2 protein chains.
Amino acid sequence: MNIDFEKGSLLLKAIADPTRICIVHILSCGELCVCEIQKYFNVSQPTLSHHLAILKNVGIITASRKGKWMYYGINREQVKLLTGFLDTVFLPGDACLCKVIKEDGTSC
Amino acid sequence: MNIDFEKGSLLLKAIADPTRICIVHILSCGELCVCEIQKYFNVSQPTLSHHLAILKNVGIITASRKGKWMYYGINREQVKLLTGFLDTVFLPGDACLCKVIKEDGTSC
DNA sequence: ATAATAAATAGATATATGTCAATATATAGA
DNA sequence: TCTATATATTGACATATATCTATTTATTAT
């Protein structure tokens, strides 16, 4: 069970933005369409769309069209992957990469 | 108990980098000096110093000089703050900001 | 078909970030 | 005090990111 720091970083980067972390917070109570989400923020529609695309690309939110509206919602499975990743990262022990040295001499 | 998305984002940004998340992982087993940490990575000494400074600035790692060496280690309290922040962000319920609208009409 | 609404894409721009080489600072030992 | 070692700082540069306006695409209703 190797830790994928690249993948983990992508997940973290996706939520490491004030607007995006607030988006997922708002969505944690249930699905919302873009125009509903937008009421909570002071950003343009394209900017919001951009943030939603970033969150969706890493799988932390889902998107489903219902008529004219695109509904976004939290993907709890991916959230679990994220928290699990963090747990592993901060867990000391025999599985830590400080015990492993790769061929090039490094370990990460 | 308000959620500080700006502060949370700073914490997340600090670890949302492949090198830095690996640094904290390595440090999770115990304190190490810079030259020991460097063995695990393929980056220059100034670059590593820069990453360590970022992690230290948000309080996720500590620094203590011992003679010529600067030892860095995990700050478990700050890690708890981070995981607690994430728990709150993803927790649905009455405390969610989707129920709150500020004066300017937004909520985040 | 046409118009209206919802959302995404394209293109531009300013700022932030990660990296390195060169240099400076700090500490210990001779 | 001089030298060697450990780490930090500076300055430069390329890439990534967040944001906007303008436009396009998708869907529904008239």
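Note on naming: letters A, B, ... go to the chains in the order of the sequence lines (proteins, then strands), and numbering restarts at 1 for each one. Because the structure is predicted, anything quoted here is derived from the model rather than measured. Computed over heavy atoms, backbone and side chain alike; hydrogens, waters and symmetry mates excluded.
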N/O (side chain, A:Ser44) to phosphate O (OP1/OP2, D:dT19) under 4.0 Å: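 A:Ser44 to D:dT19 OP1/OP2: no side-chain N or O under 4.0 Å.
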same_hphob_cluster(A:Val43, A:Leu55) at 4.5 Å side-chain heavy-atom cutoff: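 Same hydrophobic cluster.
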Rounding to an integer number of Å, can you tell me how far [X] [atom1] sits from [N] [atom2]?
X	N	atom1	atom2	result
A:Ile54	C:dA7	CD1	C1'	16 Å
A:Phe41	D:dT19	CZ	C1'	15 Å
A:Ile15	D:dA18	CD1	C1'	17 Å
A:Asn42	D:dT19	CG	P	11 Å
A:Leu12	C:dT17	CG	C1'	16 Å
A:Ile23	C:dA7	CD1	P	13 Å
A:Asp17	C:dA16	CG	C1'	12 Å
A:His50	D:dT17	NE2	P	8 Å

For residues [X] and [Y], report the shortest heavy-atom separation together with the two atoms involved.
X	Y	answer
A:Gln38	A:Gln45	NE2-N, 3.1 Å
B:Arg76	B:Ser28	NH2-O, 3.1 Å
B:Val58	B:Gln78	O-NE2, 2.8 Å

Touch class at under 4.0 angstrom, heavy-atom based, for A:His51 against every strand present: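 Touches sugar-phosphate only.
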N/O to N/O distances under 3.5 Å, protein versus nucleotides 4-8 of chain D:
unit_1, atom_1, unit_2, atom_2, d
D:dA6, O3', B:Lys68, O, 3.4
D:dT7, OP1, B:Val34, N, 3.2
D:dT7, OP1, B:Met70, N, 3.2
D:dT7, OP2, B:Cys35, N, 2.7
D:dA8, OP1, B:Tyr72, OH, 2.4
D:dA8, OP2, B:Ser49, OG, 2.9
D:dA8, N7, B:Gln45, NE2, 2.6
D:dA8, N6, B:Gln45, OE1, 3.0

A:Arg20 or A:Lys66, whichever maps to the more 5' nucleotide of DNA chain D: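 Its nearest nucleotide lies further toward 5', so the answer is A:Arg20.
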Within-4.5 Å side-chain heavy-atom neighbours: A:Tyr40 and B:Cys98: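 The answer is yes; the side chains approach within 4.5 Å.
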Residue whose closest nucleotide on DNA chain C lies nearer the 5' end, A:Lys13 versus A:Thr47: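 Result of the comparison: A:Thr47.
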Derivation of the ring pair (Phe, Tyr, Trp, His ring centres under 6.0 Å) call for B:His25 and A:Phe5: CA-CA 10 Å; B:His25 174 65; A:Phe5 291 100; 5.5 Å; yes
Inter-residue atom distance A:Asn75.CG - A:Leu81.CG, 0.5 Å rounding: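 Between atom CG of A:Asn75 and atom CG of A:Leu81 there are 8.5 Å.
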